[in-house]
Amino acid sequence: MNNPKTQLDAESGRWLLWGYLLLGGLLLWRLVYIASGFIELSPDEALYWLQFKHPALSYQSKPPMVAFTMFLGTSLFGNNDLGVRFFSPVISAVIGLLCLRFCARELNARLGFALVLITNATPLLIVGSNLMTIDPLSVLFWTLAMLAGWRAIQPEGKTQHWLWVGVWMGLGFLSKYTALFQWLCWAVFFVLWRPARPHLRRPGPYLALLVNVVLALPVLIWNSQNDWVTVTHVGGRAEFGNTFHFTTRYLFEFIGAEAGLLNPVFFAGIVWASIACWRAKSRDLRMIYFFSMGAPLVFVYTLQSFHARVLPNWIVPAIVPLMFVMVLYWDQYRQRPWVRRTFRAGLIIGLIAMVFLSETDIVKVVSGHYLPVSMDPLHRIRAWRDTARVVGEARQNLLKEGKPVFIICPDYSTASEVSFYLPEAQAAVTKKQPIAYCWDADKPITEFYYWPEYRFWKRGGDNAIYFKLIPLISGTSDPVTAPASPPMELLTQFRSVQSIGRFHGDFRGRPVRWFEVFECRDQL
């Protein structure tokens with residue numbers, strides 16, 4: 001006679017195996033993809049690469065963890081796209097593995113496999129699996145703190161479990177300041193679930209808070225030495241302190257963006273499950289816990305959208321816990337045909353999104369026409385290598401006049417991209433003798449202000465190349481026809497500033513980015 005426990009273990013083993021194979025296959029595919037040159041670094045990734053070339057306790061706009069992660073990646077694979085992005089697909093695989101193993105231990109392995117499928121069919125998480133920004137790290141440490149917290153809140157939970165909560169939340173803060181909201185999530189949980197409140201009379205939660213504060217010290221020390229510029233920066237982006245103006249414009253924009261980026265099927269499933277779990281006669285600790293670990297963050301940013309624009313990725317740490325709520329709720333109805341059909345529809349939409357977000361030129365295969373560049377979500381991570389090449393050639397031509405020539409870029413994005421993709425500029429960064437400078441380096445609005453070697457106005461008598469990006473006409477691949485002009489301040493810093501024409505940076509032989517180049521002679 002078959003042993004039911006043996007059958008259950010065998011079934012769990014099969015789901016775990018499928019999960020391991022799926023995660024391993026996706027990891028391998030993503031590593032090949034980012035090493036293939038299909039996409040180039042985003043401006044933020046290039047900036048983070050520059051940050052780790054300037055080690056510091058923290059930085060003006062972001063904590064130091066992403067720069068440290070890039071240091072590890074480039075130490076393994078060099079200063080190239082794979083080195084910069086190596087840990088992004090690795091982090092995605094680790095998050096999937098954590099969820100799979102947790103479900104196998106605490107819920108069931110089948111739910112874990114479903115969760116892995118869903119997270120890899122969610123456009124916002126798909127993007128985070130390819131780009132090495134602060135978001136993959138934020139999701140990783142939020143998830144680790146959440147799963148450690150689950151063990152901590154059990155009746156047999158130990159102080160060491162709370163210490164791990166503090167460690168992961170502290171590392172989350174060193175990755176993205178959104179991690180502070182996880183303390184709000186904990187407060188909501190203790191309000192909603194009375195049986196967990198005895199933990200508040202024990203040292204565990206307070207030790208977790210202490211560990212979190214200790215790990216946050218690098219950011220606090222750096223800011224105390226730099227007039228708390230990060231507080232001003234983050235507050236400015238969120239428009240804190242501005243007069244409140246009620247509007248629904250940003251609310252609908254926020255909801256529409258999240259509905260698309262979370263996969264319309266799964267977005268609806270999360271909303272439905274989050275509401276339905278409160279209508280149930282008996283409350284489920286699992287659903288209350290995961291709801292508490294995600295919903296407060298979404299609620300805060302939804303409220304903010306009544307006043308100011310909220311970027312879709314700001315809620316990204318809340319996605320995994322809310323997907324736990326969704327799979328737990330819908331698992332009760334898994335035998336119903338419409339639930340299965342809806343789940344399959346979500347996976348199909350996710351697969352289409354994965355293909356499209358990996359290679360938008362697939363539109364040409366389907367329709368016979370390229371997607372207009374201004375509508376292409378990948379245009380920000382294309383043609384930077386060719387743009388740097390064109391600007392570098394303009395510099396080489398001016399060098400023939402016998403004077404040193406540097407490059408002035410209009411903002412941190414272009415300065416970071418040129419520094420990475422122009423070989424001589426990348427080599428100069430290591431020597432702390434940059435070739436590519438940021439125009440606004442004399443103001444504390446970018447990282448460049450805090451790096452003394454980027455004071456380009458000290459290079460008296462040298463020549464320079466300045467280039468200015470030209471915007472595209474909305475819905476097209478064509479640049480606006482209005483002539484570009486250099487900043488007035490630039491005209492006062494050089495004896496002559498002369499346009500040498502419009503150029504474009506190409507990707508696969510197709511113009512993606514247009515810009516005007518100026519030769520600047522004899523810096524005053």
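Predicted, not measured: the structure shown is a model, and the values here were computed from it.
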Do [X] and [Y] get their side chains close enough for a donor-acceptor pair, meaning under 3.5 Å?
X	Y	answer
D411	T414	yes
E253	S305	no
Y421	D81	yes

Can you tell me how far [atom2] of [Y] sits from [atom1] of [X], rounded to the nearest 0.5 angstrom?
X	Y	atom1	atom2	answer
L47	S61	CG	OG	6.0 Å
L261	L357	CG	CG	8.5 Å
F299	L184	CZ	CG	9.5 Å
L31	S36	CG	OG	11.0 Å
E40	W384	CD	CH2	9.5 Å
S12	R110	OG	CZ	9.5 Å

Is [X] reaching over with its side chain to a backbone N or O of [Y], donor-acceptor style, under 3.5 angstrom?
X	Y	answer
R340	R334	yes
Y333	V339	no
N263	A121	yes
T302	V298	yes
S92	S88	no
W15	L111	no
Y206	L200	yes
Q182	W142	yes

Hey, can you pull the donor-acceptor pairs under 3.5 Å for the side chains in residues 321-328, sequence neighbours left out?
none

Problem - F448-Y412 aromatic ring centre distance below 6.0 Å - result: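 F448 vs Y412: aromatic centres not under 6.0 Å.
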Practice task
Establish, yes or no, whether a centroid distance under 6.0 Å links the rings of F181 and Y177.
Solution key: no
Practice task
Return yes when atom OH of Y20 has more than 12 non-hydrogen atoms of other residues, nucleotides or ligands closer than 6.0 Å, and no otherwise.
Solution key: yes
[X] and [Y]: which non-hydrogen atoms are nearest, and at how many Å?
X	Y	answer
V116	T119	O-OG1, 3.0 Å
P43	S416	O-CB, 4.2 Å
N120	M354	O-CE, 3.2 Å
W451	H54	NE1-CB, 3.4 Å
P444	V229	O-CG2, 4.1 Å
V265	A345	CG2-C, 4.4 Å

Using a 4.5 Å cut-off on heavy atoms from C-beta on, say whether the side chain of [Y] contacts that of [X].
X	Y	result
K176	D135	yes
Q60	Y450	yes
L174	P64	yes
L215	F173	no
T74	F52	yes
F356	P123	no
L100	L115	no
I319	V139	no

Practice task
Could you go through the side chain to side chain donor-acceptor pair (under 3.5 Å) check for D376 and T360 one step at a time?
Solution key: CA-CA 7 Å; D376 188 342; T360 53; 3.0 Å; yes
Exercise for the section: Show the numbers, then the answer: is there a ring-ring contact (aromatic ring centres under 6.0 Å, His included) between W18 and F113? Expected result: CA-CA 7 Å; W18 281 111; F113 181 72; 7.0 Å; no
Show which side-chain atoms of residues 268-276 pair as donor or acceptor with protein atoms under 3.5 Å away, not counting sequence neighbours.
| unit_1 | atom_1 | unit_2 | atom_2 | d |
| --- | --- | --- | --- | --- |
| S274 | OG | I270 | O | 2.8 |

Exercise for the section: Quick one: list whatever passes side-chain contact (heavy atoms from CB on, under 4.5 Å) with R249, sequence neighbours left out. Expected result: T247, R309
Could you pull out all donor-acceptor pairs under 3.5 Å where a side-chain atom in residues 188-196 meets a protein atom, sequence neighbours excluded?
none

Exercise for the section: Please lay out, stage by stage, how E45 and K62 fare under the test salt bridge (Lys or Arg N to Asp or Glu O under 4.0 Å). Expected result: CA-CA 12 Å; E45 289 175 296; K62 299 293 185 292; over 6 Å; no
Practice task
Begin with the C-alpha distance, continue with both residues' side-chain angles, and end with the deciding distance and a verdict on side-chain contact (heavy atoms from CB on, under 4.5 Å) for R385 and F507.
Solution key: CA-CA 9 Å; R385 181 177 281 105; F507 185 80; over 6 Å; no
Could you pull out all donor-acceptor pairs under 3.5 Å where a side-chain atom in residues 147-168 meets a protein atom, sequence neighbours excluded?
| unit_1 | atom_1 | unit_2 | atom_2 | d |
| --- | --- | --- | --- | --- |
| W150 | NE1 | E106 | OE1 | 3.3 |
| Q154 | NE2 | W150 | O | 2.8 |
| H161 | ND1 | K158 | N | 3.1 |

Exercise for the section: With sequence neighbours excluded, tell me which residues meet side chain to side chain donor-acceptor pair (under 3.5 Å) with N212. Expected result: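 Side chain to side chain donor-acceptor pair (under 3.5 Å) list for N212, sorted by chain: W183.
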Handout entry: Chi angles and distances behind the side-chain contact (heavy atoms from CB on, under 4.5 Å) call for L251, V310
Key = CA-CA 8 Å; L251 172 66; V310 174; over 6 Å; no
Problem - From CA spacing to verdict: side-chain contact (heavy atoms from CB on, under 4.5 Å), I134, T178 - result: CA-CA 10 Å; I134 59 176; T178 306; over 6 Å; no
Problem - L131 and I39: CA distance, side-chain angles, deciding distance, side-chain contact (heavy atoms from CB on, under 4.5 Å) verdict - result: CA-CA 10 Å; L131 306 186; I39 54 175; 4.1 Å; yes
